[in-house]
Amino acid sequence: MRTRRVAWGAMIFTVAIDGPAAAGKGTISRAVADRFGFRHLDTGLLYRAVGVKGGDPATAARTLLPEDLTGTDLRTLAAGQAASQVAVIPEVRAALTEFQRRFARAEGGAVLDGRDIGTVICPEAEVKIYVTASPEVRAHRRWLEVGGEEAQVLHEVKDRDARDMGRADAPLRPAPDAVLLDTSTMTITEAVGRACALVEAALSARKRAGGHG
Ligand code: DC
């Protein structure tokens, strides 16, 4: 897909993409960022890096370095579970908040995907999308990537949903004004197309209103 060449330089514009594990957030976010020339932050990676670092999770979050985000072990099911476990700790979330907020509101446009972007990190985001799909569909997609026992992958997906939705601090839920995107029966192209159309509409509305940033 071609990047839209527009001078976004002085513009602050945030696209918040939240949803449960393996719903398609990452793929959609990267495609939206690419299409509009926005920066992209996969916030799950921050929690994964804290989860695999070991030691005290709050200290790990406070001392996180860019190189911690490059580990090849961050994409595994185990890292996802570890991330979900440290993500319930309020001190961990607090330590990662400021960085995410600055990324979201820096000039040039940003796409952030995670669990609490539209509800906690950037409630003022210009576009909020809640991407979801049935647990079975999500588990199947994840199983195609990681292999192993599909029933075990489904169990882990459900386990992670329960923890991410049930925690007291910043639980996973759609922001009241988020657009729901159920990708259960959509192709990637369709899902990306819907998300891009929402961004396009918000950018056009801003242009009509005469706002540039
Ligand atoms: O998106 P992901 O699967 O990489 O996220 C891994 C875990 O990190 C997820 O189960 C919960 C946590 N997380 C979070 O609590 N808040 C975010 N904004 C992103 C991820």
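Just so you know, ligand 1 is whichever comes first in the structure, and atom 1 is the first atom listed for that ligand. We number each residue from 1, following the sequence as shown.
At a 3.5 angstrom cut-off on N or O pairs, T43 counts as close to ligand 1. Between Q100 and ligand 1, not a single N/O pair is under 3.5 Å apart. Looking at ligand 1, you won't find any N or O of D113 less than 3.5 Å from one of its N or O atoms.
Each of the following atoms of ligand 1 lies closer than 4.0 Å to a heavy atom of A83: 6 (C), 7 (C), 8 (O). In the vicinity of S84, heavy-atom distances shorter than 4.0 Å reach the ligand 1 atoms 7 (C), 10 (O).
Closest protein heavy atom to atom 8 (O) of ligand 1: Y47 CB, 3.4 Å. Shortest contact from atom 17 (C) of ligand 1 to any protein heavy atom: R115 N, 3.4 Å. Protein heavy atom nearest atom 4 (O) of ligand 1, with residue, atom name and distance: R48 NE, 2.6 Å. Among protein heavy atoms, the minimum distance from atom 12 (C) of ligand 1 is reached at A87 CB, 3.7 Å. Of all protein heavy atoms, the one lying nearest to atom 16 (N) of ligand 1 is R93 NH2, 3.1 Å.
Closest of all the heavy-atom pairs between P135 and K158 is CB-CE, 4.1 Å. The two residues I28 and A191 have their closest heavy-atom pair at CD1-CB, 3.9 Å. Between A170 and R167, the shortest heavy-atom distance links the atoms O-NH2, 2.8 Å.
Membership of an apolar cluster is not assigned to V120, as no side-chain contact below 4.5 Å to another ILVMFWY residue is traced.
Neither side chain, Q81 nor Q85, offers a donor N or O lying under 3.5 Å from an acceptor on the other.
A salt bridge between R105 and E126 is present, with a side-chain N of the basic residue lying under 4.0 Å from a carboxylate O of the acidic one.
Counting only non-hydrogen atoms, the option in R167, Q85, R163, R160 that gets closest to atom 10 (O) of ligand 1 is R160.
Applying the side chain to side chain donor-acceptor pair (under 3.5 Å) test to residues at least two apart or on different chains, the pairs with a partner in residues 57-67 are D56-T59.
T183 pairs in a side chain to side chain donor-acceptor pair (under 3.5 Å) with only one of the listed residues (R138, R141, R194), which is R141.
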